[in-house]
Amino acid sequence: MVLAGYQPDVYAYNVLVNGLSNFGKINVAIGLLKGMVQRGCEPNAVTYNIIMDALCKDKLVVEALHLFSQMRIKGISPDVITYNSLIHGLCKLGKRNQVLALLNEMVGHNISPNVYTFSVLIDSLCKEGMVSEAQNTFKIMIQRGVEPDVVTYTSLIGGLCISDLWKEAMALLKEMVGKNISPNVFTFNILIDTLCKNGKVSYAQRIIKIMIQGGVEPDVVIYNSVMDGYCLHNQIDKARKVFELMVTNDIFDVFSYNFLINGYCKCKRIDEAKELFDEMPQKVLVPDTVTCNIITFATLLYGLCKEGDLDEVLTLFKAMEKIFRDMEEGGCLPDGYCYNVIIQGFLRHGYLPKASELIDEMVEKGFCADDNTTELVVHLLRNDDPILRILQNHFEAPKGVNFK
DNA sequence: CTAGGGTTAG
């Protein structure tokens, strides 16, 4: 464009700056910001907003604030988007005082906080567990004539759920529906999952009905939550019924299997857990879920270890080792959780050499013993087991424990 | 051309 003798205007530059920022090339975008001035094109608020927002999303709020002062020196007025980006960035860093200062500043410049501003504030308060403050902010917003939308409601409902205030969350759902603000599948899922975890599966079923009436179809996540809700509250057979319904409708995934396997392991119905595990390859074991397969192995082994069926554990572990090697090529390895669970199984049942060998392997791969593993080793050490000296090097002594 | 939320597991 330049070679052909055309001068890009500020819109053209902004498109480029935006593209570069979206691809993480913020430094190149900043270079362009300087370059455009040299070529006689003045940046506008949008140019600065794009770069400042990208910086804030990279937690580089200090750099964003530097640009903020530069734009004002140039006489370019910040707008509500400028402030929202900065406030969002500062909220994520927990800089409450600076957030309040900016809010005051924007109001002082006659820039009113809008639904984005309030949503950011409410979401941030919710995530910090300050739900009542979030509720207050919500009230203030309405008082000031700023209408909450689906984003604001979803954030606040999520916050209430985190604090187990599901009755308040339900009330809020009703309120938004009454205002003709349609909840989406995420709004429903957050609520349904909380209800299920609290053992209120029948409430959850009611919400699912409301949801279907509202034209939102339950997805696999919803069914999984309901199933896990039953598992968590010792109603494995109800969970099984949901699962079978899911399989019939072809709505299931690795999560579904993992929940149910976990449920069976927890109520010691290991045979059924193993049966489910065995049928997975025909149904869901596709390459992009290999990580989840590991989790499933761990879950299954956890159940077997607790049962003390060590022969079976060893058989499975050998099968697993083979799969691990196959996975290595795909870059998918067992994680620390997996190692710890298996090691604990061996420790509990006296297979100390195998435990030692696995700890070596785990440490070699950069994973650490977790609290449970450490506790088991310490317990065995207190009983003065000589074999455990082999293990000592792998653990730092917790306070008050002397390995020697 | 620019800003907010987003759900399930060991």
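Letters A, B, ... mirror the listed sequences (proteins, then strands); counts begin at 1. Fair warning: this is a prediction, and the values are worked out from it, not measured in the lab.
- Look at OH on A:Tyr83: it is 18 Å from P on B:dG4, rounded to the nearest Å.
- Listed nucleotides B:dT2, B:dT8, B:dA3 differ in distance to A:Asp79; the shortest reach to its side chain belongs to B:dT2.
- At a threshold of 4.0 angstrom between heavy atoms, the contacts of A:Val10 with the nucleic acid are absent.
- The listed nucleotides are B:dT2, B:dT8, B:dG5; the one nearest the side chain of A:Asp253 is B:dT8.
- For the side chain to side chain contact (heavy atoms under 4.5 Å, CB included) test with A:Pro43, the passing option among A:Met71, A:Gln70, A:Met36 is A:Met36; the others fail.
- Within the nucleic acid shown, A:Thr117 has no heavy atom closer than 4.0 Å to any nucleic acid atom.
- Computed from coordinates, the A:Met227 CE to B:dA9 C1' distance equals 10 Å when rounded to whole Å.
- Of all nucleotides listed (B:dT2, B:dA9, B:dG5), B:dG5 comes nearest to the side chain of A:Thr154.
- Between A:Asp371 and A:Thr374, the side chains place no donor N or O within less than 3.5 Å of an acceptor N or O (distance only, hydrogens not considered).
- With rounding to whole Å, A:Leu160 atom CG is found 14 Å from B:dG6 atom P.
- Residue A:Val120 places its side chain closer to B:dG4 than to any other of B:dG4, B:dT2, B:dT8.
- The pair A:Lys241-A:Asp237 does not meet the salt-bridge criterion, since no charged nitrogen lies less than 4.0 angstrom from a carboxylate oxygen.
- Taken residue by residue, residues 41-67 of chain A places heavy atoms nearer than 4.0 Å to DNA chain B at A:Val46, A:Asn49, A:Ile50, A:Asp53, A:Lys57.
- For B:dG5, the base has no donor-acceptor partner in the side chain of A:Asp149 [N/O atoms by modelled type, under 3.5 angstrom].
- Between A:Glu63 and A:Ile26, the closest side-chain pair of non-hydrogen atoms is not below 4.5 Å.
- For A:Thr187, whose side chain is taken as the heavy atoms from C-beta onward, the closest listed nucleotide among B:dG10, B:dG5, B:dA3 is B:dG5.
- Atom CZ in A:Phe259 sits roughly 5 Å away from atom P in B:dA9 (whole-Å rounding).
- For the pair A:Asp219 CG and B:dG6 P, the interatomic distance rounds to 16 Å; values are reported in whole Å.
- Of the candidates B:dA9, B:dG5, B:dA3, B:dG5 carries the atom nearest the A:Lys127 side chain, counting heavy atoms from C-beta on.
- Below the 3.5 angstrom threshold, one finds a donor paired with an acceptor across the side chain of A:Asn114 and the base of B:dA3.
- Under a cutoff of 6.0 Å and an axis angle of 45°, A:Arg240 and A:Phe243 do not form a cation-pi pair.
- Here the CD1-OG1 distance, from A:Ile76 to A:Thr82, works out to 10.0 Å after rounding to the nearest 0.5 Å.
- What separates CD1 of A:Ile343 from P of B:dG10 is a distance of 20 Å, to the nearest Å.
- Taking atom CG of residue A:Leu260 and atom P of nucleotide B:dG10, one finds them 14 Å apart after rounding to whole Å.
- Listed candidates were B:dG4, B:dA9, B:dC1. Nearest to the side chain of A:Val15 is B:dC1.
- Taking the centre of each ring, A:Tyr223 and A:Phe252 stay at or above the 6.0 Å mark.
- For the residue pair A:Ser21 and A:Asn18, no side-chain donor N or O sits within less than 3.5 Å of a side-chain acceptor on the partner.
- Taking 4.0 angstrom as the limit, A:Lys92 places none of its side-chain polar atoms (N or O) nearer than this to OP1 or OP2 of B:dA3.
- Taking 3.5 Å as the limit, the base of B:dC1 and the side chain of A:Asn18 contain no donor-acceptor pair of atoms between them.
- Using a 4.5 Å heavy-atom threshold, the side chains of A:Lys179 and A:Pro148 count as touching.
- For a distance-only test at 3.5 Å, the side chain of A:Ser155 fails to qualify as a donor-acceptor partner of the base of B:dG5.
- Going from atom CG of A:Leu103 over to atom P of B:dA3 covers 19 Å, rounded to whole Å.
- Nucleic acid contact for A:Val220: none, since no nucleic acid atom lies under 4.0 Å from a heavy atom of the residue.
- The side chain of A:His88 approaches B:dG4 more closely than any other nucleotide in the set B:dG4, B:dT2, B:dG6.
- With centroids closer than 5.5 Å and planes inclined by less than 30 degrees as the test, A:Phe186 and the base of B:dG6 fail to qualify as a stacked pair.
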